There are 2 protein chains.
Amino acid sequence: MEERSKQILSDYKVSITNPRILVLEALLEIKSPITVDELQSKLKNKVAKSTLYRVLNDLKKIDILNEFTSPENTVVVELVLEGDQHHHHLFCSDCGEIIDVELSKNFEDLLDKEIKKIEKKFNFIIQDHRVEMFGQCTDQCENCKK
Amino acid sequence: MEERSKQILSDYKVSITNPRILVLEALLEIKSPITVDELQSKLKNKVAKSTLYRVLNDLKKIDILNEFTSPENTVVVELVLEGDQHHHHLFCSDCGEIIDVELSKNFEDLLDKEIKKIEKKFNFIIQDHRVEMFGQCTDQCENCKK
DNA sequence: AGAATAAATGAGAATTATTCTCATTTTTTT
DNA sequence: AAAAAAATGAGAATAATTCTCATTTATTCT
């Protein structure tokens, strides 16, 4: 993962430093949404907290970090690399798990149409959208391992 | 608005106090998303900050307050009373305005179907969903008054 | 209505998340 | 390899939210 991380940094023309490599490695390894605290402990203090926040802001700036908040308003981040599939999120209020969800192509097309209508109606240019779903996993849920 | 506020508190069986009435009045008056800070200044220190947060939590508990975050992760609240139309949000990154948006009945039906598929696939019970749209108002936008 | 009980409030302290400062270290440029 | 530029770590500063506790206000029970 180290080579991959270096490649990414190089591709986006940001200088290659150890903290950045470590953060990218961690994000590449999990490849699913994670809170800043979880990320911090995954990094085991190999990166200072202030640096972690700075690196996350760097990744946002080059547009490969998606940031949003959980239903409890905790900030959650995930790496989104070019070519990654557009997806949404499903939040379990029981275990706090956040699951990546892809909606059908057909549905996304309809959403795009709906968004075009909204753009006209409100005189907006809309670049991005998010669908968030909230609920609970049932006792068979693999993700929550209940 | 005072009577209306008292009625709401009484309906939901929470005790009728001045801070609660004042917060409800403010939320009823604007009836669109507002940050805690904006709400605080609208209330002109007639309600202590700690009390404001407490009252907001009370309203969440009785399920008439919708809380989410702006793209900059600022908490935003809005009153959602029974019978209010289900709606979503459109965020302008230029002026910060948050606009209530209703999607077509047809689209919501399709979203519900899509959600049913997700429930099956992930063994979830989904109670709620949100569609958020991000963009900029153009120069004719009424809301942003550019 | 009035006393007793329970709940809510205000003020500020405590906590948490994030940003900022600045001296030192690391990376990039030349 | 030296000079210049950028990034880092440690902790201070800031901001948002919750907590504490003495006082006030609302509700309940005669």
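Lettering follows sequence order; numbering is per chain, from 1. Just so you know, these numbers come straight off a predicted model, no measurement behind them.
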Next item on the list: Give the rounded distance in Å between these two atoms: CD1 of B/Ile21 and C1' of C/dA8.
Entry: 13 Å

Next item on the list: Enter the distance from A/Leu22:CG to A/Leu43:CG here, rounded to the nearest 0.5 Å.
Entry: 6.5 Å

Next item on the list: Among D/dT27, C/dT9, D/dT8, find the nucleotide with the atom closest to the side chain of B/Ile16.
Entry: D/dT27

Next item on the list: Take atom CG of B/Asn57 and atom C1' of C/dT9, then tell me their distance rounded to the nearest Å.
Entry: 15 Å

Note to self: For a quick check of understanding: with a heavy-atom distance under 4.0 Å over all strands, which category does A/Thr17 fall into, base, sugar-phosphate or nothing?
What the structure shows: sugar-phosphate

Notebook entry, point to check: Charged N to carboxylate O under 4.0 angstrom, A/Lys116 versus A/Glu119?
Noted result: no

Check: How is A/Ser15 classified with respect to the nucleic acid when contacts are heavy atoms under 4.0 Å: base, sugar-phosphate, or nothing?
Finding: sugar-phosphate

Check: How long is the line joining CG of A/Asp58 and C1' of D/dA7, in whole Å?
Finding: 9 Å

Checklist line | Stems involving DNA chain D, each a run of at least 3 consecutive Watson-Crick or G-U pairs under 3.5 Å | finding: C:1-30 with D:1-30

Margin query: Closest-nucleotide mapping onto DNA chain D: is B/Val75 or A/Pro19 further toward the 5' terminus? I mean the 5' end.
Written below: A/Pro19

Check: Of the nucleotides D/dA10, C/dG10, D/dT8, which has the atom closest to the B/Val47 side chain?
Finding: C/dG10

Item checked: ring-ring contact (aromatic ring centres under 6.0 Å, His included) partner of B/Phe68, the single match among B/His87, B/His88, B/His89 -> B/His89

Next item on the list: Give B/Arg54 one of three labels, base, sugar-phosphate or nothing, depending on what nucleic acid heavy atoms sit under 4.0 Å from its own.
Entry: base

Check: Could you give the CG-to-C1' distance, from A/Leu56 to C/dA17, as a whole number of Å?
Finding: 13 Å

Margin query: Let me check something: do B/Leu111 and B/Phe122 share a hydrophobic cluster, defined by ILVMFWY side-chain heavy atoms less than 4.5 Å apart, either directly or through other members?
Written below: yes

Check: Aromatic rings A/His86 and A/His129: how do their planes relate, parallel, tilted or perpendicular, breaks at 30° and 60°?
Finding: perpendicular

Item checked: Among C/dT19, D/dA7, D/dG9, the one nearest A/Thr51 by side-chain distance -> D/dG9

Checklist line | Heavy-atom check, side chain of A/Ser32 versus side chain of A/Ile98, under 4.5 Å | finding: no

Notebook entry, point to check: Given the rule that I, L, V, M, F, W and Y join up when any side-chain heavy atoms are under 4.5 Å apart, are A/Leu59 and A/Leu28 in one cluster?
Noted result: yes

Item checked: Value in whole Å for how far the P atom of D/dT27 lies from NZ of B/Lys6 -> 10 Å

Notebook entry, point to check: Considering heavy-atom distances to DNA chain C, does B/Lys49 or B/Asn18 have its closest nucleotide positioned more toward the 5' end?
Noted result: B/Asn18

Checklist line | Which nucleotide in C/dT28, D/dT8, C/dT18 has an atom nearest any side-chain atom of A/Tyr53 | finding: C/dT18

Check: In whole angstrom, what separates A/Leu52's CG from D/dG11's P?
Finding: 17 Å

